[in-house]
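Because the structure is predicted, anything quoted here is derived from the model rather than measured. All chains are named by letter (A, B, ...) in the order of the sequence lines, taking the proteins before the strands, and each is independently numbered beginning at 1.
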There are 2 protein chains.
Amino acid sequence: MAMGKINQERREEILSAALRIAENGGLAAMSMRAIGAEVGLTPMALYGYFASKDELLDWLVGRVLQEVPLPDPEADWRERLLACARGARAAAHRYPRTFSVLLNRPVVLPEAMRVVDPLYGALMDAGIPHERVAGWERMFSTFVLGFAVSEVSGRFGEGNLGTRERRERLGPRELPAHHRLGEVLDLPVDWDAEFEEGLTRLVAMVEAEGTGPA
Amino acid sequence: MAMGKINQERREEILSAALRIAENGGLAAMSMRAIGAEVGLTPMALYGYFASKDELLDWLVGRVLQEVPLPDPEADWRERLLACARGARAAAHRYPRTFSVLLNRPVVLPEAMRVVDPLYGALMDAGIPHERVAGWERMFSTFVLGFAVSEVSGRFGEGNLGTRERRERLGPRELPAHHRLGEVLDLPVDWDAEFEEGLTRLVAMVEAEGTGPA
DNA sequence: ACCTGAACACCGTTCAAGT
DNA sequence: ACCTGAACACCGTTCAAGT
């Protein structure tokens, strides 16, 4: 940037505008021109706040991370882990078209550390050896982000509509296991319950490795 | 499309060209013009094979999935699960700039079912109740894809370079847990081992829920 | 310190036309 | 059945200029 003080409030305003545009219209609609118009500026004025659109997207990761609430530090470490996970998934549901930037871009922001820090704290309090805390945090956040992104990107399937007919187009020779399972695959899915089940398993695994409160 | 027979070979050729361009130059370099030039066609000729660039990207998901090898159906269910997971991660390392399309786009392709089918088969053979097979497959593939995408997108950090100085810029008040952990966070990470550890845990969990071979 | 306007080299895509 | 060329409405970004 090579720039002196710049108006931080205005920068936040620009990022919120970008987020708004991405949520109605999709990420593709989030052009510099559209963002500029949303805040009443020429597209070129944005280059006073961000060196490029790519840098703006990096900051947008931080803007989305701000929407993940921090857990109550007084709570049990289990409660803190659950609160972080549920808060992140809730943010994904709130910003379904933008959330995937979290998995697609290298995270090199203070905001990322702000969100990771309570996870480190909870894992230490669970008694995880210090040299293994970062690895557990990666497991935990990979599950949470992976699940949330899969949900909102539609990778898990949009309510299984049409799944049955697609399955039958290929036949039991190509898809033996699908056909053995049959109509069980068309059952509705309780995504909340599935997420909570995964979380419960993870917390149990942390508990098993931990040696009790530090 | 509203189109009769079209040259399937040519379509594969186009998708391979697109993959090649994305890998050297990044996804942003994968323009219709660039893809056309790579196969010796006008950009407009591509619209005879794909209705839009978006549809081309959907097919590209299938093209990447083709790179995930199918496991030996004679092997133990554990071996089959491991083979699928390692094969998918290997594909991510082979196509680091393209692989994230798998998590970002709804998957509605026969190729996706082709990859999922052996997972269903392995989970059934592990004794997972039929109505829970799809859920387990989602857990498993979320871990594998989430980990692989995080690795290649740099979300896990590029060898922790600069982590220390960024940590110290924020101080122990904002990042208490980071500072309690201190230099342990700068230790090098064995990604292969971390992936294998996660896999081992997942397989153990499947085994615990399963009731033995069907 | 912050913003604009014109311009450049690109995009994806439509349309009419060619063989 | 397959492909081209010109054109349209967009992009991100540079540069010189304005206050």
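Rounded to a whole Å, the NZ atom of B:Lys53 is 9 Å from the P atom of C:dC11. Between the P atom of C:dC2 and the CD1 atom of A:Ile14 lies a distance of 11 Å, rounded to the nearest Å. Taking atom CD on A:Glu13 and atom C1' on C:dC2, their separation rounds to 14 Å, with Å as the unit. One interatomic measurement links the two molecules: CD1 of A:Ile35 to C1' of D:dG12, which rounds to 11 Å at whole-angstrom precision. The separation between A:Phe50 atom CZ and C:dC2 atom C1' is 15 Å, rounded to whole Å. As rounded to whole Å, 12 Å separates atom P of D:dC2 from atom CD of B:Glu9. Here C:dT14 presents its C1' atom at 15 Å from CG of B:Leu46, a figure rounded to the nearest Å.
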Sugar-phosphate atoms are those with a prime plus P, OP1 and OP2; base atoms are the rest. Using that split, label each nucleotide of nucleotides 3-8 of chain C B, S or - for protein heavy atoms under 4.0 Å, 5' to 3'. SBB---

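Applying the ring pair (Phe, Tyr, Trp, His ring centres under 6.0 Å) rule to B:Phe140 yields no partners; only residues at least two apart in sequence or on another chain are considered.
Between C:dT14 and B:Tyr47, no contact under 4.0 Å exists linking OP1 or OP2 to a side-chain N or O.
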N/O donor to acceptor pairs below 3.5 angstrom from side-chain atoms of residues 31-45 of chain A, sequence neighbours left out:
unit_1  : atom_1 : unit_2  : atom_2 : d
A:Ser31 : OG     : A:Ala34 : N      : 3.0
A:Glu38 : OE2    : A:Arg20 : NE     : 3.0
A:Glu38 : OE2    : A:Arg20 : NH2    : 3.1

Got a list of side-chain donor-acceptor pairs under 3.5 Å for residues 80-89 of chain A, not counting sequence neighbours?
unit_1  : atom_1 : unit_2   : atom_2 : d
A:Arg80 : NE     : A:Ala75  : O      : 2.9
A:Arg80 : NH1    : A:Asp125 : OD2    : 3.1
A:Arg80 : NH2    : A:Ala75  : O      : 3.4
A:Arg80 : NH2    : A:Asp125 : OD2    : 2.9
A:Arg86 : NE     : A:Glu196 : OE2    : 2.9
A:Arg86 : NH2    : A:Glu196 : OE1    : 2.9
A:Arg89 : NE     : A:Glu151 : OE1    : 2.8
A:Arg89 : NH1    : A:Asp192 : OD1    : 3.2
A:Arg89 : NH2    : A:Glu151 : OE2    : 2.9
A:Arg89 : NH2    : A:Asp192 : OD1    : 2.9

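Smallest separation of non-hydrogen atoms from A:Phe143 and A:Leu199: CE2-N, 3.9 Å. The two residues B:Val184 and A:Glu131 have their closest heavy-atom pair at CG1-CA, 3.2 Å.
With hydrogens and angles ignored, the 3.5 Å screen pairs no side-chain donor or acceptor of A:Arg63 with any backbone N or O of A:Leu15. A donor-acceptor distance shorter than 3.5 angstrom exists from the side chain of A:Glu23 to the backbone of A:Arg97, with no hydrogens or angles considered.
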Dot-bracket line, read 5' to 3' along DNA chain D, where crossing pairs take [ ] and | marks a partner on another strand, Watson-Crick or G-U under 3.5 Å: ||.|||||...|||||.||

Assess the residue pair A:Leu175 and B:Tyr120 against the criterion (side chain to side chain contact (heavy atoms under 4.5 Å, CB included)); give the C-alpha distance rounded to whole Å, side-chain angles, the decisive distance to 0.1 Å, and a yes or no. CA-CA 10 Å; A:Leu175 299 177; B:Tyr120 284 172; over 6 Å; no

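A ring pair (Phe, Tyr, Trp, His ring centres under 6.0 Å) check over residues 94-113 of chain A, counting only residues at least two apart or in different chains, returns nothing.
Between the C1' atoms of D:dC11 and C:dC8, the separation comes to 12 Å (whole Å). Between D:dA17 and C:dC2, the two P atoms lie 22 Å apart (nearest whole Å).
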